[in-house]
Asker: 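I'd like to ask you about the structure that follows.
FYI, side chains are in, hydrogens and waters are out, and symmetry mates aren't considered; it's all heavy atoms of this structure.
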Amino acid sequence: MAAVEGSLEEEALRRRERLKAMRIKSGLPEQQTSTDSDSTRGEKRSLEESSQLIPPTRLIKFRNYLPRDETLKEKKIPNTKPLSVEDEVQEHLEKAKADKVIEEVDLANLAPRKPDWDLKRDVAKKLEKLEKRTQRAIVELIRDRLQQGEDLAAAVNAAASEQNYEAE
């Protein structure tokens, strides 16, 4: 139990130091706190009471306004000059220049794709398999007809005439 209380006190001290550092960094005046290390509750109350009594002050910085008072003129921030954009634009223009000018234009890259191009792409692998199977089946049919002793030329001519008849 004592170790837990000791670690809590250490954390409170570290937190207090961080707050002081933040106040110094932001330019706010340090608040008076009680240095009573026996009770953290008393410290919290004193911090709350002091923050309620003393409103937080802000550091005044004049960016665009030139005050007339001499004491306030010291808080004027000096004017800054804008960065030169010309150098950056020049670098971008040099990067944008194409080293290689394309003389020939491929119309396939410029033309819009057909609405079903993705379907054709996805089905292409399956069609290749089917094409291979079809070729194998044709070869087997030709072998069977040759084994039966039919005249191959007559069979091909008969098939071609059937196709012509169906087309008409």
Asker: Within this structure, what is the CG-OG1 distance for the pair L127 and T134, rounded to the nearest 0.5 Å?
Answerer: 9.5 Å
Asker: Taking E128 first and then K125, would you say they form a salt bridge - that is, a charged N and a carboxylate O separated by under 4.0 Å?
Answerer: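 No.
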Asker: Heavy atoms only: give me the nearest K73-R68 pair and the separation to one decimal.
Answerer: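 Smallest interatomic distance, heavy atoms only, reads CE-O, 3.8 Å.
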Asker: Rounded at 0.5 Å granularity, tell me how far CD1 in I77 sits from CG in N64.
Answerer: 9.0 Å
Asker: Cut-off 3.5 Å, side chains only: do Q135 and E131 have a donor facing an acceptor?
Answerer: yes
Asker: Is any side-chain heavy atom of Q147 closer than 4.5 Å to a side-chain heavy atom of D144?
Answerer: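 A side-chain contact under 4.5 Å exists here.
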Asker: About how many Å separate NE2 of H92 and CD of E94, when rounded to the nearest 0.5 Å?
Answerer: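 If I round to the nearest 0.5 Å, the distance is 11.0 Å.
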Asker: Assigning hydrophobic clusters by single linkage (Ile, Leu, Val, Met, Phe, Trp, Tyr; side-chain heavy-atom cutoff under 4.5 Å), is V85 placed with L93?
Answerer: yes
Asker: Is the shortest heavy-atom distance from the side chain of E17 to the side chain of R14 under 4.5 Å?
Answerer: no
Asker: Once rounded to the nearest 0.5 Å, what's the spacing between atom CD of E11 and atom CZ of R18?
Answerer: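 The distance works out to 8.5 Å.
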Asker: Count the heavy atoms belonging to other residues, nucleotides or ligands that lie under 6.0 Å from CG of D118, then report whether that count exceeds 12.
Answerer: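 More than 12 within 6.0 Å, yes.
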Asker: Using 0.5 Å steps for rounding, measure from the CG atom of L130 to the NZ atom of K132.
Answerer: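 Here the interatomic distance stands at 11.0 Å.
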Asker: Taking L66 as the starting point, is it possible to reach L72 by hopping between hydrophobic residues whose side chains are less than 4.5 Å apart?
Answerer: no
Asker: So does R121 have more than 12 non-hydrogen atoms from other groups sitting under 6.0 Å from CZ?
Answerer: yes
